[in-house]
Enquirer: 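Mind looking over this structure? Questions follow.
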Amino acid sequence: SMKPFYFAILAAVVWGIAPIMEKIGLKNIEPLSGVIVRSSGIIIGAIILAIFNNNIFKSALKADPKTIFFLFLGGILASILGQIFFYNALKHGEVSKMLPIAATYPLVSFLLGLLFFGESFTILKGLGIGFVILGVFLLR
C-alpha cells in the first residue's frame, strides 16, 4: 500500500519545517539550553498524546523491558545527544548547509542495517549512498 510512503512524505515536510523554527529559536539562547526547551515540548506533547489516547498510554506501560530500553536509548541518542550536536551546528552555521549534512544520518542507518540486520545491498542503494556522500562533499 502507499500509506507508508505518504507518512514518510508528511514526516519529511514536518522535519523540514522544524529546523527553521529551531534556527529562529536558537538566536538568543545557548544550544544546550535550547535542547532543554525543545525536550520540554516533547514531554508536554507526549503527555497530551497520552491524555487523548488512553490505549497508547496503556500499551506503553505494558511494553517489555527490552522494548523500553531500546526506545529510551533511541530517545536519548536522537533527542538529547544528536540534538546537542545539531543545535551547535545550526546556531553557528547556515541552515542550508548544516541541515543536509546532518540529514545524512540515513547513511549511518543504512550501513548499520547491512551489518546488524543483514539487509540487502543493491546497485541502486549503492548509487544512492554515493550521491549522499557527493552531496556532503559539495556542501562542505
Side-chain angles (χ1 to χ4, degrees):
S1 104
M2 290 294 287
K3 201 173 186 181
F5 175 79
Y6 293 117
F7 279 130
I9 294 293
L10 288 170
V13 170
V14 172
W15 285 338
I17 294 168
I20 302 303
M21 305 294 146
E22 293 168 323
K23 174 76 174 171
I24 295 165
L26 284 168
K27 190 175 185 321
N28 298 314
I29 196 170
E30 284 307 305
L32 280 175
S33 301
V35 170
I36 296 300
V37 174
R38 179 187 191 271
S39 299
S40 300
I42 294 168
I43 292 165
I44 292 166
I47 290 168
I48 291 168
L49 196 61
I51 289 169
F52 287 102
N53 194 329
N54 209 21
N55 291 338
I56 288 175
F57 188 65
K58 285 178 189 167
S59 172
L61 289 177
K62 285 191 282 191
D64 63 286
K66 183 180 176 186
T67 297
I68 291 168
F69 172 78
F70 281 105
L71 291 175
F72 193 83
L73 191 59
I76 288 174
L77 286 171
S79 296
I80 302 296
L81 194 58
Q83 211 63 40
I84 289 167
F85 298 146
F86 180 60
Y87 274 11
N88 276 286
L90 197 59
K91 182 173 177 77
H92 305 293
E94 297 176 47
V95 173
S96 58
K97 281 188 174 183
M98 297 306 105
L99 194 66
I101 293 167
T104 61
Y105 70 88
L107 172 61
V108 176
S109 300
F110 171 76
L111 295 171
L112 293 173
L114 292 176
L115 196 63
F116 289 106
F117 302 124
E119 293 180 359
S120 66
F121 182 88
T122 64
I123 298 294
L124 282 177
K125 286 181 185 178
L127 276 172
I129 293 306
F131 283 123
V132 168
I133 294 166
L134 178 65
V136 171
F137 177 77
L138 292 173
L139 288 168
R140 201 174 51 95

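Quick caveat, the model's predicted, so the values are computed rather than measured.
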Enquirer: Using the side chain to side chain contact (heavy atoms under 4.5 Å, CB included) definition, which of the options I56, N54, L61 pairs with K58?
Expert: N54
Enquirer: Short question: side chain of K23, backbone of E94 - any donor-acceptor pair under 3.5 Å?
Expert: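 Flag not set: sc K23 to bb E94 has no pair under 3.5 Å.
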Enquirer: Using modelled atom types only, decide if a donor and an acceptor are shared between the side chain of N88 and the backbone of I84 within a distance under 3.5 Å.
Expert: yes
Enquirer: Test of understanding: with side-chain contact (heavy atoms from CB on, under 4.5 Å), list the residues that count as partners of I51, not counting sequence neighbours.
Expert: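 Only I47 meet the side-chain contact (heavy atoms from CB on, under 4.5 Å) criterion with I51.
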Enquirer: Indicate the atoms forming the closest heavy-atom contact of G16 with P19, along with that distance.
Expert: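 Residues G16 and P19, closest heavy atoms: O-CD, 3.6 Å.
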Enquirer: Give the minimum heavy-atom separation between Q83 and E22, together with the two atoms involved.
Expert: NE2-OE2, 3.7 Å
Enquirer: Measure across P31 and L26 and return the closest heavy-atom pair with its distance rounded to 0.1 Å.
Expert: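 Taking every non-hydrogen atom into account, CA-CD2, 4.0 Å.
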Enquirer: Is it the case that more than 12 heavy atoms not belonging to L134 sit under 6.0 Å from its CG atom?
Expert: yes
Enquirer: Quick check on the hydrophobic clustering: are I133 and Y105 connected, directly or via other members, by side-chain heavy-atom contacts under 4.5 Å?
Expert: no
Enquirer: Around atom NZ of K125, are there more than 12 heavy atoms of other residues, nucleotides or ligands at under 6.0 Å?
Expert: yes
Enquirer: Evaluate side chain to side chain contact (heavy atoms under 4.5 Å, CB included) for L81 paired with I76, printing each intermediate quantity in order.
Expert: CA-CA 6 Å; L81 194 58; I76 288 174; 5.5 Å; no
Enquirer: Which atoms form the tightest heavy-atom contact between F86 and A102, and what is the distance?
Expert: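 Of all heavy-atom pairs spanning F86 and A102, the closest is CD1-CB, 3.8 Å.
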Enquirer: According to a 4.5 Å side-chain heavy-atom criterion applied to Ile, Leu, Val, Met, Phe, Trp and Tyr, with indirect links allowed, do V37 and I80 form part of one hydrophobic cluster?
Expert: yes
Enquirer: Keeping the roles fixed (side chain from S39, backbone from V35), state whether a donor-acceptor pair exists under 3.5 Å.
Expert: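 Flag set: sc S39 to bb V35 pair under 3.5 Å.
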